[in-house]
Amino acid sequence: MRIAFYAPLKPPHDPVPSGDRRVARLLIDALGAAGHEVELASVFRSRDSVGDEARQRRLRDLGRRLGERLVRRYHARPAAMRPAAWMTYHLYYKAPDWLGGPVADALGIPYIVVEGSHAPKRSGGPWDFGHQATARAIARADAVIALNQDDMACVRPLIADPARLQAMPPFLDADPYAKAAARRRDSRARIAAAHGLDGAVGWVLAVAMMRAGDKLSSYQLLGRALATLAGRPWRLLVVGDGPAREQVEAAFSTLGPGRVVFLGALPGDQLPDLYAAADLMAWPAAGEAFGMAILEAQATGLPVVAGRVRGVPDIVRDGETGILTPPGDVAAFAAAVGALLAHDDRRRAMGEAAMARVRAGHDLPAAAAGLDRVLRRLTAARP
């Protein structure tokens with residue numbers, strides 16, 4: 001069936017890499033793998049980053065006009081060429097969905113929300129207008145799919161029929177990562193030669209954009225943690241770039257020369273070999289919904305040290321596929337990294353368990369089947 005897809009925070013073809021863009025693209029891939037035809041309904045970005053109600057109202061008005069235009073465009077098509085369902089990915093108080101519900105109502109099709117977030121603490125604040133709109137959209141949705149189970153507690157009270165809310169594990173296409181794992185030795189030798197790295201010491205990997213806020217906080221905590229391990233042999237490989245690069249570099253400035261290799265922002269197809277070549281991934285995950293890079297690392301057989309934050313425990317099984325530490329606890333994070341660097345067998349066992357767990361519960365075919373079941377159930381219920 002034809003699916004109208006919309007991401008109010010960031011369109012899936014946006015040039016700036018992010019976990020949000022990655023998940024949007026994966027959802028489109030999963031729908032395609034299930035045999036559905038996906039069209040991007042709109043590139044309208046509804047995000048208000050400063051909490052300006054007047055701007056939020058202007059975005060609402062623009063969204064309404066764009067929605068009315070979409071309805072006219074869809075009605076002008078033959079019935080067989082119209083969307084059979086509408087799917088909105090990631091709406092929250094800063095980026096509500098002004099399009100999906102009204103368009104779905106006008107066309108008489110199901111309205112599906114994936115990763116709808118509701119934060120009661122935003123009620124009455126500078127984003128209250130967007131907060132209330134998001135609550136109405138979630139309550140209106142025919143199905144709400146939660147990729148992050150941490151969101152479900154606040155979303156559940158908005159939904160009259162509990163059957164409309166369901167959890168779906170975060171997912172990816174595991175094949176490229178499994179193939180990269182088989183190339184580990186060659187990739188490690190190539191990367192060592194390219195960057196003058198000693199392949200005999202542990203390589204710690206961090207993959208994230210460099211921007212103010214939670215990402216910078218994670219980099220800073222990682223820098224403080226690794227500073228306590230300065231007496232051990234290791235190297236840190238950092239993948240990412242962005243407006244906070246200077247502050248990120250400052251966070252690692254005390255680690256000494258040669259300890260940190262900044263690789264910049266890399267194309268997605270280069271990441272699997274880098275994951276495979278490393279010994280462990282370390283990411284405090286401040287504010288992360290769950291962390292796509294964490295899931296990618298595990299898909300390549302890389303154990304993870306991460307903060308026990310929001311949805312991260314959904315994808316990292318503490319003590320089995322990695323180690324989770326209390327949020328913001330520098331000493332605990334450093335101890336976990338040090339423990340894995342010191343025990344090769346434990347690292348390897350965790351990496352193997354991580355790869356198997358991703359393949360069993362977080363692979364694209366399972367997500368495609370799950371989305372297909374939701375779509376067919378909802379469309380079958382329509383007259």
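Please read these numbers as outputs of a predicted model, since none were measured by experiment.
Counting only heavy atoms from C-beta outward, the side chains of Trp203 and Ile191 approach each other to under 4.5 Å. Side-chain atoms of Leu158 and His118, non-hydrogen and from C-beta on, do get closer than 4.5 Å to each other. Counting heavy atoms from C-beta on, the side chains of Lys94 and Asp48 never come closer than 4.5 Å. Side-chain contact between Ile112 and Ile145 is present, with at least one heavy-atom pair separated by less than 4.5 Å. No side-chain heavy atom of Val16 sits less than 4.5 Å from a side-chain heavy atom of Arg21. The closest side-chain heavy-atom distance from Leu205 to Leu302 is below 4.5 Å. With contacts defined as side-chain heavy-atom distances shorter than 4.5 Å, the pair Val113/Trp86 does not qualify. Pro11 has its side chain within reach of Arg45: a pair of non-hydrogen atoms, C-beta onward, lies under 4.5 Å apart.
A salt bridge does not link Asp198 to Arg235: none of the charged nitrogens lies less than 4.0 Å from a carboxylate oxygen. Salt bridge annotation for Asp279-Arg188: present, with a cationic side-chain nitrogen under 4.0 angstrom from a carboxylate oxygen. Using a 4.0 Å cut-off between a side-chain N of Lys or Arg and a carboxylate O of Asp or Glu, Arg347 and Asp344 qualify as a salt bridge. Salt-bridge formation is detected for the pair Asp142/Arg140: a Lys NZ or Arg NE/NH1/NH2 atom is positioned less than 4.0 Å from an Asp or Glu carboxylate oxygen. Salt bridge Glu288/Lys215: present, at least one basic N to carboxylate O contact under 4.0 Å. A salt bridge does not link Asp175 with Lys179: every distance from a Lys NZ or Arg NE/NH1/NH2 to an Asp or Glu carboxylate oxygen is 4.0 Å or more. Ion pairing between a basic and an acidic side chain is recognised when a charged N comes within 4.0 Å of a carboxylate O; Arg64 and Glu68 show no such pairing.
Val38 and Val103 are assigned to two separate hydrophobic clusters, defined by single-linkage of ILVMFWY side chains at heavy-atom distances under 4.5 Å. In this structure, Trp283 is a member of the same hydrophobic cluster as Met350, with clusters built from ILVMFWY side-chain heavy atoms closer than 4.5 Å. Using a 4.5 Å cut-off between side-chain heavy atoms of Ile, Leu, Val, Met, Phe, Trp and Tyr, with links allowed through other members, Leu197 and Val207 fall into the same hydrophobic cluster. One hydrophobic cluster, built from ILVMFWY side chains closer than 4.5 Å, holds both Leu364 and Ile294. Val43 and Ile3 fall within a single hydrophobic cluster, where Ile, Leu, Val, Met, Phe, Trp and Tyr side chains are chained together by heavy-atom contacts under 4.5 Å.
How far CZ of Arg25 is from NE2 of His13: 9.0 Å, rounded to the nearest 0.5 Å. Note: Ile159 CD1 to Leu165 CG = 4.5 Å, rounded to the nearest 0.5 Å. Rounding to the nearest 0.5 Å places CG of Asp273 at 8.5 Å from CD of Gln270. Atoms OG and CE, from Ser218 and Met210 in turn, are 12.5 Å apart once rounded to the nearest 0.5 Å. Between Glu115 atom CD and Leu27 atom CG the span is 8.5 Å, to the nearest 0.5 Å. Summarising the geometry, atom CG belonging to Asp314 is positioned 12.5 Å from atom CE belonging to Met168; distances are rounded to the nearest 0.5 Å.
The aromatic rings of Phe5 and Tyr89 sit parallel to each other, their planes meeting at less than 30°, with 60° as the upper class boundary. In this structure, Phe262 and Phe252 have tilted ring planes: the angle between them lies in the 30° to 60° band.
Between the Arg232 side chain and the Gly338 main chain, a donor and an acceptor come within less than 3.5 Å of each other. With Tyr74 contributing its side chain and Ala79 its backbone, the two residues share no donor-acceptor pair below 3.5 Å. Looking only at distances, no side-chain donor or acceptor of Arg47 sits under 3.5 Å from a matching main-chain atom of Leu9. In this structure, Arg211 contributes its side chain and Ala244 its backbone to no donor-acceptor pair below 3.5 Å. A donor-acceptor pair under 3.5 Å is formed between the side chain of His343 and the backbone N or O of Ala339. Not a single donor-acceptor pair under 3.5 Å links the side chain of Thr300 to the backbone N or O of Ala181. Between the side chain of Asp329 and the main chain of Ala331, a donor-acceptor pair closer than 3.5 Å is present. Although no hydrogens or angles enter the test, the distance criterion places a donor-acceptor pair under 3.5 Å between the side chain of Gln56 and the main chain of Gly130. Between the side chain of Arg184 and the backbone N or O of Ala278, at least one donor-acceptor pair lies under 3.5 Å. One N or O on the side chain of His362 and one on the backbone of Pro170 form a donor-acceptor pair closer than 3.5 Å.
Smallest separation of non-hydrogen atoms from Val305 and Ala336: CG1-CB, 3.7 Å. The minimum heavy-atom distance between Arg164 and Ala139, with the atom names listed, is NH1-O, 3.3 Å. Between Ala95 and Pro8, the shortest heavy-atom distance links the atoms O-CG, 3.8 Å. Nearest heavy-atom pair across Thr321 and Ile315 is OG1-O, 4.3 Å. For the residue pair Leu222 and Ala206, the shortest heavy atom distance occurs at CD2-CB, 3.8 Å. Nearest heavy-atom pair, Ala276 versus Ala180, reported as atom, atom and distance to 0.1 Å: CB-O, 3.4 Å.
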What verdict does the salt bridge (charged side-chain N to carboxylate O under 4.0 Å, His left out) test give for Lys10 and Asp20, after you've listed the backbone C-alpha separation in whole Å, the side-chain angles of each residue and the deciding distance to 0.1 Å? CA-CA 7 Å; Lys10 175 185 284 190; Asp20 199 75; over 6 Å; no

May I have the step-by-step check of side-chain contact (heavy atoms from CB on, under 4.5 Å) for Val358 and Leu295, ending in yes or no? CA-CA 8 Å; Val358 169; Leu295 190 60; 3.9 Å; yes

Does the pair Arg348 and Asp345 meet the rule for a salt bridge (charged side-chain N to carboxylate O under 4.0 Å, His left out), with working shown? CA-CA 5 Å; Arg348 281 192 288 270; Asp345 290 345; 2.6 Å; yes

What do the steps show when you test Glu53 against Arg57 for salt bridge (charged side-chain N to carboxylate O under 4.0 Å, His left out), and what is the final call? CA-CA 6 Å; Glu53 183 174 331; Arg57 289 182 179 275; 3.0 Å; yes

Using the rule given for salt bridge (charged side-chain N to carboxylate O under 4.0 Å, His left out), can you reason through Arg357 versus Glu320, listing the C-alpha separation, both sets of side-chain angles and the distance that settles it, and then say yes or no? CA-CA 10 Å; Arg357 189 161 187 255; Glu320 180 181 334; 5.3 Å; no

Tyr93/Arg122 under side-chain hydrogen bond (donor to acceptor under 3.5 Å, both in side chains): CA gap, chis, key distance, verdict: CA-CA 8 Å; Tyr93 67 95; Arg122 299 297 174 183; 3.0 Å; yes

Given side-chain contact (heavy atoms from CB on, under 4.5 Å), test Glu37 with Met81 step by step and report yes or no. CA-CA 10 Å; Glu37 183 178 354; Met81 297 300 293; 5.5 Å; no

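The closest side-chain donor-acceptor pair between Asp97 and Tyr111 falls under 3.5 angstrom. Judged purely by distance below 3.5 Å, without hydrogens or angles, the side chains of Asp128 and Gln132 pair a donor atom with an acceptor atom.
A cation-pi arrangement is found for Arg259 relative to Trp234, the charged atom lying closer than 6.0 Å to the ring centre and inside a 45° cone about the ring normal.
Phe129 has its ring centre less than 6.0 Å from the ring centre of Trp98.
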